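Just the heavy atoms: all of them, side chains too, but no hydrogens, waters or symmetry mates, feed the values below. Just so it is clear, the model here is predicted, and its values are computed rather than measured. Chain A is the first sequence line, chain B the second, and so forth, proteins listed ahead of strands; every chain is numbered from 1.
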Protein chains: 2
Amino acid sequence: MNNPTLKEIAAQLGISITTVSKSLKGYSDVSEKTKKAVIELAQKLHYTPNSFAVNLRTKESKTIGLIIPTLVHDFFSNVIRGILEEAEKRDYLVIILQSNEKLEFEKKQIDLLLNKRVDGILMSLSNETGDFEHLKSIIAHNTPLVLFDKIAKLVSCSKVTINDKKAAYDAVSYLIKRGYKKIAHFRGSYLPQNAIDRFLGYKKALEDNGIPYDSSLVFVCDNNTDFEDGYENAKKVIDEHPEIDAIFAVTDLVAIGIIKYFNETGISIPKQIAVLGFSNWFMSSVISPKLSTIDQPGFEIGRRSASILFDEINLKKKNLPVIFQSIELETSIIEREST
Amino acid sequence: MNNPTLKEIAAQLGISITTVSKSLKGYSDVSEKTKKAVIELAQKLHYTPNSFAVNLRTKESKTIGLIIPTLVHDFFSNVIRGILEEAEKRDYLVIILQSNEKLEFEKKQIDLLLNKRVDGILMSLSNETGDFEHLKSIIAHNTPLVLFDKIAKLVSCSKVTINDKKAAYDAVSYLIKRGYKKIAHFRGSYLPQNAIDRFLGYKKALEDNGIPYDSSLVFVCDNNTDFEDGYENAKKVIDEHPEIDAIFAVTDLVAIGIIKYFNETGISIPKQIAVLGFSNWFMSSVISPKLSTIDQPGFEIGRRSASILFDEINLKKKNLPVIFQSIELETSIIEREST
DNA sequence: TTGTAAGCGTTATCAT
DNA sequence: ATGATAACGCTTACAA
């Protein structure tokens with residue numbers, strides 16, 4: 001089954017390609033009669049426009065690119081769902097690439113998407129990403145870019161995040177209100193903005209509540225294997241600081257690693273030590289004890305990011321100025337059994 | 001920053017477009033001198049071929065499409081990882097779409113990909129998919145198609161699966177060997193081949209071991225919310241058949257629903273009732289009790305499916321005949337605490 | 001109302 | 001060794 005072209009339809013009806021094209025696109029300067037004949041034949045032949053030709057002509061691909069650190073991740077899966085939903089509404093397709101938390105890959109993926117001439121790019125940065133030259137090349141190509149979740153404050157483009165600092169501040173304040181006093185923090189790597197902000201929120205909450213900040217209670221989880229990071233550092237914290245009464249983890253997966261270690265060693269949660277996660281993964285509601293955590297609206301982050309990107313694509317098409325937005329979505333504390 | 005074209009390079013060097021194109025593609029009938037000049041200028045201008053034009057000319061998109069029922073799923077996430085890895089090796093990009101377990105969406109997604117003229121399509125069918133006309137339209141378009149995981153036996157194309165019947169047979173035989181006698185099965189919906197096969201494997205294992213098959217011990221999980229299905233049916237089975245001593249679940253998520261219900265109601269696993277899952281999700285190793293399950297190699301399924309698809313794309317390009325393959329990957333039993 | 005023709009940026013054939 | 005030219009299939013300004 002060969003794909004029919006405008007040319008073939010035109011030939012069969014004995015009219016010009018132009019008229020066929022106009023008929024199919026609903027132009028008004030075609031007689032009802034010819035229009036009808038064209039549409040009928042087109043349907044009969046299952047005509048669909050050759051997207052390669054359309055792309056070339058219109059310089060649009062009707063495709064956007066998405067680069068995320070990793071796919072196997074509840075949060076990102078939900079982000080993708082949100083993005084796909086928005087894209088579908090607008091008849092856009094989405095090319096998905098993983099950076100595997102590597103800057104080197106991230107650069108490569110950007111080049112791939114730019115060469116493919118996608119109409120826009122959505123990104124969450126890798127943990128390794130400390131400089132942003134490669135992002136500037138996107139902007140230099142005049143390709144709309146929206147960063148979400150793991151963003152770079154210094155890059156000028158729209159951003160969709162939660163207020164990580166505030167969320168962490170509220171989380172730790174909540175722990176303090178519940179009576180916990182010796183609160184450890186299992187933080188993320190040093191580069192990602194959200195890890196930094198969560199750490200700062202933790203610190204500020206302590207200080208504002210008259211609890212001195214103690215850097216020896218902060219443990220870094222930067223092996224990109226959150227779960228094991230949590231497990232190993234739980235071991236360490238018990239060794240070095242058996243007196244703690246709570247842990248605020250940068251991620252549910254880290255928290256689940258902690259829970260596993262505590263369950264294995266008979267440390268009772270939350271009686272001996274409370275555990276508070278971050279993100280509200282599905283898993284956190286089925287583990288025992290059920291994990292208290294911060295709800296981070298992944299689906300909504302995806303939806304908003306995509307929606308903003310499409311707006312920018314449209315503005316650009318109309319040669320209108322784009323005003324970059326920085327959206328911060330609301331989070332909330334989910335109280336379960338671990339705190 | 002406008003993207004430079006062959007034309008511009010040619011103009012700057014005062015030579016023809018043809019010569020520029022040849023130089024860049026390493027043809028031998030260009031003098032070393034001009035070739036060098038062209039390559040240098042191209043690099044300086046950051047020339048990259050316009051993929052729209054290349055697509056149009058070569059009739060290739062260097063893109064494949066992937067349709068899966070749902071993204072938020074450990075198994076599919078791993079499949080995607082495998083696919084992306086293979087695609088990357090070959091400089092192919094992947095467009096990902098979800099069917100949301102709906103036949104209607106599945107049809108629409110196929111049309112989108114076909115209109116986009118992807119070079120090949122990878123699919124796992126939705127639970128609703130009972131007839132396969134839409135798949136035939138892919139084949140009619142002469143677009144290579146590989147089905148994986150949830151396949152249609154009747155469609156002529158390559159397929160990558162596990163041997164679901166055997167895996168289930170082995171699983172239930174294992175339970176019987178461990179001394180369990182009254183084994184319930186929480187099966188998947190009626191349409192998907194893998195749910196059918198797992199059920200058949202369950203039934204055959206009972207029969208081969210002299211345990212009469214009892215249809216009242218089979219519960220259907222078809223609300224596409226596996227976890228709640230498991231939870232609700234666990235309630236039901238305890239009501240109707242408190243005498244059972246084991247449950248073989250079609251999916252880890254179903255099994256986790258069961259575990260949750262049993263944990264809440266104080267039913268001890270595996271002492272009172274054993275639970276065996278299927279797929280080996282990450283989650284199953286952190287829940288308590290840790291879930292025994294069947295390891296289903298998602299990453300490998302993705303890799304193989306993609307690899308076969310690319311082979312078929314290449315054969316087609318060379319006008320060579322394609323022989324469809326049906327690959328069955330190995331599974332194994334992961335023994336943990338729940339059996 | 002219909003059609004002509006140029007152009008998007010490549011690649012490939014055929015001359016020179 | 002180099003280049004003119006046609007073609008891929010579509011859109012659109014401009015004529016007729």
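The I17(B) side chain lies nearest to dT10(C) when the options are dT12(D), dC10(D), dT10(C). Listed nucleotides dC10(D), dT1(C), dG3(D) differ in distance to A53(A); the shortest reach to its side chain belongs to dC10(D). In the set dC10(D), dT11(C), dG3(D), dG3(D) carries the atom at the smallest distance from any side-chain atom of I15(B). When distances run from any side-chain atom of K59(B) to the nucleotides dG9(D), dA1(D), dT10(C), the shortest one goes to dG9(D).
Between L6(A) atom CG and dG7(C) atom P there is a gap of 20 Å when expressed in whole angstrom units. With rounding to whole Å, K7(B) atom NZ is found 13 Å from dA6(C) atom P. Atom CD in E60(A) sits about 15 Å away from atom C1' in dT12(D), given to the nearest Å. If you take CZ of R57(B) and P of dG9(D), they are 10 Å apart, rounded to a whole angstrom. A straight line from NZ of K36(B) to P of dA1(D) spans 17 Å, rounded to a whole angstrom. Taking atom CZ of residue F52(B) and atom P of nucleotide dT10(C), one finds them 12 Å apart after rounding to whole Å. Rounding to whole angstrom units, CG of residue D29(A) and P of dA16(D) are separated by 17 Å. The distance from atom OH of Y27(B) to atom P of dT10(C) is 14 Å, rounded to the nearest whole Å.
For the 3.5 Å distance criterion, the side chains of S126(A) and K150(A) fail to qualify, holding no donor opposite an acceptor. Of the N and O atoms on the side chains of K36(B) and S31(B), not one donor lies less than 3.5 Å from an acceptor on the other residue.
Taking side-chain N and O atoms only, T34(B) has a distance below 4.0 Å to OP1 or OP2 of dT2(D). Phosphate proximity of dG3(C) to S16(A): present, with a side-chain N or O under 4.0 Å from OP1 or OP2. Residue S31(A) places at least one side-chain N or O under 4.0 Å from the OP1 or OP2 atom of dT2(C). An OP1 or OP2 oxygen of dT11(C) is reached within less than 4.0 angstrom by a side-chain nitrogen or oxygen of S21(B). Taking only side-chain nitrogens and oxygens, Y47(A) comes nearer than 4.0 Å to OP1 or OP2 of dC10(D).
Salt-bridge formation is not detected for the pair D91(B)/K62(B): no Lys NZ or Arg NE/NH1/NH2 atom is positioned less than 4.0 Å from an Asp or Glu carboxylate oxygen.
Where K35(B) and P49(A) each meet DNA chain D at their nearest nucleotide, the meeting point lying more 5' is that of K35(B). Residue order along DNA chain C, read from the 5' end via each residue's closest nucleotide, puts K22(A) first among L56(B) and K22(A).
Minimum interatomic distance between P144(B) and L309(B) (heavy atoms only, all atoms of both residues): O-CD1, 3.5 Å.
A donor-acceptor contact under 3.5 Å links the side chain of T18(A) to the base of dT4(C).
The aromatic ring centres of Y92(B) and F310(B) sit less than 6.0 Å apart.
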